[in-house]
*Asks:* 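Structure in structure tokens, see below.
All values reported here derive from a predicted model rather than from experimental measurement.
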Amino acid sequence: MNKLALHGDLLDFEATPGWGDPALHGVRWRPDHWLLIEDGRIAGTLPGREPPGEDWRREEHSGRLLMPGFIDTHVHCPQLDVIASWSPGLLHWLDTYTFPAEQRFADPEVAAAGAGLFLDALLAHGTTSAVVFPTVHAASAEALFAAASARGMRLVAGKVLMDRGAPPALTDDVAGAERDNEALIARWHGRGRNAYAVTVRFAITSTPEQLAMAGRLLARHEGLYLQTHVAENRDEVAEVARLFPEARSYLDVYHRHGLLGPRSVLAHGIWLDDEDRRLLADTGAQIAFCPTSNLFLGSGLFDWQAAVDHGHKVSIATDVGGGTSLSMQRTLAEGYKVQALRGTRLTAWCALHAATRGAAEALGLGAEIGHFDVGAAADVVAWDWAHGAAALHRDAVARGAVATLPAQDLHARVFAWMTLADERNVAATWVAGVPRFERGRMLQNVSIGTALAARPDPRDPQHADGADVRSRHS
């Protein structure tokens, strides 16, 4: 039996915090505690003065913040190649940078290496679960699922659907895409911690026939997710209106094809109206708010207050490569600024809840991830409270360590951490209790080739001896 005890300051959520309220409603704060992990799951906690017995392997992280691993609900695996690329807007950015980068993932070796690099980068940024776009190529989805399985990560992904409006090397057809999806669903959906998402790039790149096929897949297979983009950019919204004149709105295009439900993750959702928001609430679909991407591409300012008012779900996403960092703290800090420009103030509690327990619950995974409840998967990150002279000074002030300034409350300290921290603050990351990243050390993950060789369908000939992609962090 594998028993691990981590000692530090425990922070997670047991309920949804009040919107705009820095009070501790829903916040579970247990400083100087042991987090007990048994066979990859949370087994309980103990006060620091009561260490567990000698049968527990103890790891000391005193003075560090221990939190559940972050959950990134919208990010693109192949787009590390194009992060921080200059562009006047979304559609130009796709044509100039993204589509050429994604064409390279037709090569299974490129896809395998890219998947390993991408997932190791997530772990190094404190993200342990993600909803991910690969490319239109079945091999890219295979590689991503295999790499996630090798690391034990919770992954939601699926082959991208595009049968128009993209380069020929990135387009499929309805019948072929349906066959690929059926094969991938049979091979990966519900295997370990993998779940399959029917992945519509966006309405512009799918014909009505392909959208109808996507709806059939969702109806045919229990527990599938749907991921796509919606109402990100005004030019995009206008083009969708031209292509689908019968639809009331961009969101309605998806609704008409049976794509909205409690497992639907729609990125951006900036240019929605109140009727759209009511539809989101009625269907249980969520918007993945992508602030660094929205600002970088000049797409617009997401209205989180309107989402709260209409009762639809919101999670947080980096949207790399339109987004400019895999760091959830950098993403949340930009999210605060977006909401400030809209005239409201995002608290650290609402922000962090949306990136942990809130995201898990929105995905229907609240029993497994996003918190430290007994029985949850032990996806844990140890964070330094501060890194660098300015952040160290600010943290000391928040702790009341500077005699000339008053002590601050917990929210002030956590808000400063959220605003100033990034991947440099990650000390260690565990996935299901297994160490997957440790600053200053190189941890070996199971090779992607091994995972591909062990996949459930032995008849599939595809690259069982794929590339051995390992963690490379310092």
Side-chain angles (χ1 to χ4, degrees), residues 16 19 73-74 89-91 131 133 161 165 197-208 210-212 214-215 218-219 224-291 293-295 297-317 319 322 335 338-339 341-344 346 350 354 358-359 361-364:
T16 304
W19 178 254
T73 57
H74 179 74
L90 170 66
L91 300 181
V131 182
F133 271 60
L161 298 176
V198 176
T199 303
V200 174
R201 181 53 168 266
F202 63 161
I204 291 174
T205 51
S206 283
T207 60
Q210 188 172 71
L211 294 176
L218 291 170
L224 292 188
Y225 289 83
L226 178 283
Q227 62 172 340
T228 190
H229 301 79
V230 70
E232 177 181 1
N233 172 283
R234 281 186 282 197
D235 291 341
E236 169 208 15
V237 171
E239 179 63 8
V240 170
R242 186 186 71 80
L243 292 171
F244 298 90
E246 73 284 359
R248 192 202 70 82
S249 68
Y250 191 158
L251 186 68
D252 185 48
V253 172
Y254 297 138
H255 186 48
R256 286 168 174 261
H257 290 93
L259 304 185
L260 298 185
R263 288 187 174 85
S264 299
V265 184
L266 301 106
H268 308 297
I270 297 169
W271 303 102
L272 302 175
D273 60 20
D274 286 349
E275 190 168 340
D276 289 327
R277 296 184 182 101
R278 284 190 290 271
L279 180 59
L280 290 169
D282 290 345
T283 59
Q286 67 175 288
I287 293 296
F289 173 31
C290 309
S293 174
N294 299 158
L295 293 172
L297 293 173
S299 301
L301 306 176
F302 173 70
D303 191 344
W304 199 337
Q305 179 70 64
V308 171
D309 293 342
H310 287 84
H312 76 72
K313 297 178 288 189
V314 177
S315 56
I316 299 290
D319 191 31
V338 168
Q339 298 315 304
L341 287 169
R342 294 206 62 96
T344 189
L346 181 63
C350 287
E361 292 175 347
L363 292 169

*Asks:* Any idea which heavy atoms bring His312 and Ala285 closest together, and the distance?
*Replies:* CB-O, 4.4 Å
*Asks:* Please round to the nearest 0.5 Å and tell me the distance separating atom CZ of Arg263 and atom CG of Leu226.
*Replies:* 12.0 Å
*Asks:* Are any of the side-chain heavy atoms of Val230 and Ile287 separated by less than 4.5 Å?
*Replies:* yes
*Asks:* Does any non-hydrogen side-chain atom of Asn233 lie less than 4.5 Å from one of Leu297?
*Replies:* no
*Asks:* Measuring from atom NZ of Lys313 to atom OG of Ser264, what distance do you get when rounded to the nearest 0.5 angstrom?
*Replies:* 8.5 Å
*Asks:* So which atom in Leu301 and which in Ile270 form the shortest heavy-atom distance, rounded to 0.1 Å?
*Replies:* N-CG2, 3.8 Å
*Asks:* If you define the side chain from C-beta out and look only at heavy atoms, does anything of Asp282 sit under 4.5 Å from Leu260?
*Replies:* no
*Asks:* How far apart are the closest heavy atoms of Ala317 and Thr73, and which atoms are they?
*Replies:* CB-OG1, 3.7 Å
*Asks:* Would a line drawn from the ring center of Tyr250 to the ring center of Trp271 be shorter than 6.0 Å?
*Replies:* no
*Asks:* Could you tell me whether the side chain of Gln339 and the main chain of Trp304 form a donor-acceptor pair under 3.5 Å?
*Replies:* yes
*Asks:* Looking at CG of Asp274 and CG of Asp309, how far apart are the two atoms once the value is rounded to the nearest 0.5 Å?
*Replies:* 9.0 Å
*Asks:* Write down the atom of Gly215, the atom of Leu259, and the distance for their closest heavy-atom approach.
*Replies:* N-CD2, 3.5 Å
*Asks:* Specify the closest pair of heavy atoms between Thr205 and Gln210, including all atoms of both residues, with the distance to one decimal.
*Replies:* O-OE1, 4.0 Å
*Asks:* Just so I know, are the side chains of Leu272 and Leu280 near enough to count as touching, which here means a heavy-atom distance under 4.5 Å?
*Replies:* yes
*Asks:* Within this structure, what is the CG-OG1 distance for the pair Asp303 and Thr344, rounded to the nearest 0.5 Å?
*Replies:* 9.0 Å
*Asks:* State which residues pass salt bridge (Lys or Arg N to Asp or Glu O under 4.0 Å) with Asp276; sequence neighbours excluded, sorted by chain then number.
*Replies:* Arg248
*Asks:* Taking only residues at least two apart or on different chains, which pairs with a member in residues 251-262 satisfy salt bridge (charged side-chain N to carboxylate O under 4.0 Å, His left out)?
*Replies:* Asp252-Arg256
*Asks:* Should Val240 and Val253 be marked as a side chain to side chain contact (heavy atoms under 4.5 Å, CB included) after you check the CA-CA gap, both sets of side-chain angles, and the distance that decides it?
*Replies:* CA-CA 9 Å; Val240 170; Val253 172; 3.9 Å; yes
*Asks:* Decide yes or no for Leu363 and Tyr225: does some side-chain heavy atom of the first lie under 4.5 Å from some side-chain heavy atom of the second?
*Replies:* yes
*Asks:* For Glu232 and Gly300, indicate whether the former's side chain and the latter's backbone hold a donor-acceptor pair under 3.5 Å.
*Replies:* no
*Asks:* Are the ring centres of Phe133 and His74 closer than 6.0 Å?
*Replies:* yes
*Asks:* Heavy-atom count around Arg278 CZ within 6.0 Å, excluding the residue itself: above 12?
*Replies:* yes
*Asks:* Write down the atom of Ser206, the atom of Leu211, and the distance for their closest heavy-atom approach.
*Replies:* CB-CD2, 3.7 Å
*Asks:* How many angstroms lie between CG in Leu279 and NE2 in His310, if you round to the nearest 0.5 Å?
*Replies:* 11.5 Å
*Asks:* Rounded to the nearest 0.5 Å, what separates atom OH in Tyr254 from atom OG1 in Thr228?
*Replies:* 3.0 Å
*Asks:* Taking side chain as C-beta onward, heavy atoms only, is Phe302 less than 4.5 Å from Pro291?
*Replies:* no
*Asks:* Answer whether the closest heavy-atom distance between the side chains of His255 and Leu251 falls below 4.5 Å.
*Replies:* no
*Asks:* For the residue pair His268 and His229, does the interplanar ring angle fall in the parallel (under 30°), tilted (30 to 60°) or perpendicular (over 60°) class?
*Replies:* parallel
